[in-house]
Amino acid sequence: MKLTLLSLQCCLFVCLFVSGCKTDDPEPDANRTVYIGSDDGYEYAFDALTGKLHWKTQIGNYVESSATIANGWVYVGSSDGNLYTLDTTTGTTQWKAPTHGFIFSTPTVVNNKVYLGSRSDTMYAMDAVSGTINWKKNIGKDIESSPVVANGMVYFGAKDGALYALDQTTGDLKWKVSTINASFSSPAVVEGTVYIGSGKDTLYAFNASTGALQWKMATGSFIYSSPAVANGIVYVGCYDKNLYAVDTATGTLKWKFTANSSIYSSPFVSEGIVYITSHAGSTLYALDAVTGTAKWSTTVTSYLFSSPVVANGVVYIGDLSGQVYAIDGITGQKKWVSNTNGAIYSSPVVVTKQHKVFHPGISGDIQ
């Protein structure tokens, strides 16, 4: 009996020990694919861990629109004026829809509708499955700013210098602000406020429902960068070489960081770090999001228009030499470098194994 009891106790110990070591936690997520367009006319898909090319698909002469991922498809605009949808796994074209103008704008997909601006002076709303046009709004000037859809409205800037808010369902004009020269910067819409940079050396905050001005802050030059908002701070780059960190409620400057050349790209905020690139300086910076103190910087081969994207601690970026980089977000060390055959103006999009999407979005949005 003692032997039996001892055996039973040993069995219980082993069972409890093994049970204690076993875990039912799901496998940690990992980066899977990075998508990016190039001026060789191709959209590329690279393995996000190794940089190995999965596929590339030609979609025109130049690809400067950044992609959006939804419904298992890559939505991306081209210089030939078409919006393309590509299968995320194979790169096979599903359909294309004409806009009759060069597309710089990044598509936005919401509730199975895709919204997109074009140099045909028109904002489009299309069915995201078929490409059928639901509505289009001609505003009389090129649209290079990317749309943000929020609060039942579509927000974007245009070459006439105005910030527009259209009805999401009908395309009817809800309001516009005509005097801010909002040509290139795309808006960020957070908690009822629209933030956008202008060619008149100013960062603006408007009421998202009415268009009423809430505050404005002067910068040293024009703003090509789109704002990113996190933890009560709006971050935006400027041609004057500075990254500005501004209080979202008051428009008060909290800090600024001076890079080694002008900033065209949009910032990305992740885990308390702001990532930003300089154009001619060809440098990626990692800054403390609260203080603006530089944690590290690393240079790449050529000029940078592309905005950084951070996924699971890795920063992805492309440059005008056509190279795509994966860089450790903590150390700044390069993990891999791959090549396209043309200059890269677009920004990357990263999809993980669990289908989470990381992108600079339409405005350097925080993911």
Side-chain angles (χ1 to χ4, degrees), residues 31-99 102-118 124-132 146-149 186 306-311 316-318 322 324 326 338-342 344-365 367:
N31 299 340
R32 184 180 64 186
T33 310
V34 54
Y35 302 90
I36 196 164
S38 173
D39 263 13
D40 62 358
Y42 285 83
E43 183 72 17
Y44 288 79
F46 294 100
D47 186 290
L49 296 180
T50 67
K52 180 182 177 181
L53 179 66
H54 286 322
W55 55 256
K56 64 177 184 177
T57 300
Q58 187 166 18
I59 57 170
N61 296 322
Y62 309 100
V63 184
E64 298 185 6
S65 166
S66 300
T68 293
I69 310 297
N71 307 317
W73 290 348
V74 181
Y75 295 82
V76 62
S78 174
S79 63
D80 68 4
N82 287 301
L83 170 67
Y84 287 82
T85 57
L86 312 175
D87 185 277
T88 54
T89 302
T90 66
T92 304
T93 301
Q94 304 300 299
W95 52 260
K96 63 180 181 179
T99 69
F102 197 126
I103 299 172
F104 287 95
S105 177
T106 298
T108 298
V109 180
V110 178
N111 297 330
N112 273 328
K113 299 291 186 294
V114 55
Y115 301 87
L116 179 72
S118 169
Y124 290 86
M126 303 178 186
D127 186 279
V129 176
S130 66
T132 302
S146 301
V148 174
V149 179
S186 300
S306 179
S307 298
V309 172
V310 185
Y316 298 89
I317 197 74
V324 182
S338 293
N339 292 286
T340 70
N341 294 316
I344 296 176
Y345 290 87
S346 70
S347 299
V349 180
V350 180
V351 178
T352 72
K353 289 183 178 180
Q354 294 180 7
H355 307 291
K356 187 173 183 180
V357 180
F358 294 84
H359 57 82
I362 41 192
S363 58
D365 285 346
Q367 300 302 311

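These numbers come from the heavy atoms of this one structure, side chains and all, not from hydrogens, waters or symmetry mates.
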Working to the nearest 0.5 angstrom, can you tell me the gap between [X] [atom1] and [Y] [atom2]?
X: Asp39; Y: Asn341; atom1: CG; atom2: CG; answer: 12.0 Å
X: Leu83; Y: Ile103; atom1: CG; atom2: CD1; answer: 6.0 Å
X: Lys56; Y: Leu86; atom1: NZ; atom2: CG; answer: 14.0 Å
X: Leu116; Y: Thr108; atom1: CG; atom2: OG1; answer: 8.5 Å
X: Thr68; Y: His359; atom1: OG1; atom2: NE2; answer: 6.0 Å
X: Thr33; Y: Lys52; atom1: OG1; atom2: NZ; answer: 12.0 Å

Can you name the closest pair of heavy atoms from [X] and [Y] and give their distance?
X: Trp55; Y: Thr88; answer: NE1-O, 3.1 Å
X: Ile317; Y: Pro348; answer: N-CG, 4.2 Å
X: Tyr84; Y: Gly60; answer: OH-N, 4.4 Å
X: Pro147; Y: Ser105; answer: CD-OG, 3.3 Å
X: His54; Y: Arg32; answer: NE2-O, 4.2 Å
X: Ala97; Y: Gly131; answer: CB-O, 4.0 Å

Partners meeting side-chain hydrogen bond (donor to acceptor under 3.5 Å, both in side chains) with [X] (sequence neighbours left out):
X: Asn61; value: none
X: Thr90; value: Asp87, Thr92
X: Ser38; value: Asp40, Thr340
X: Ser130; value: Asp127, Thr132

Residue list, side chain to side chain contact (heavy atoms under 4.5 Å, CB included) with [X], at least two apart or on another chain:
X: Ser307; answer: Ser265, Ser266, Ser347, Pro360
X: Thr85; answer: Trp73, Tyr75, Gln94, Trp95
X: Asn31; answer: Ala48, Leu49, Ala311, Asn312, Val314, Tyr316, Val350, Thr352
X: Ser346; answer: Ile36, Ser66, Ile344

According to ring pair (Phe, Tyr, Trp, His ring centres under 6.0 Å), who are the partners of [X], at least two apart in sequence or on a separate chain?
X: Phe102; value: Phe104
X: Tyr62; value: none
X: Tyr44; value: Phe46

Without swapping roles, check the side chain of Ser146 against the backbone of Ser186 for a donor-acceptor pair under 3.5 Å. no
Please tell me if the side chains of Thr93 and Glu43 come closer than 4.5 Å, counting only heavy atoms from C-beta onward. no
Would you say that Val357 contacts Val349 through its side chain, given a criterion of any heavy-atom pair below 4.5 Å between the two side chains? yes
With Ser65 as partner, the option from Ser118, Pro107, Ser78 fulfilling side chain to side chain contact (heavy atoms under 4.5 Å, CB included) is Pro107
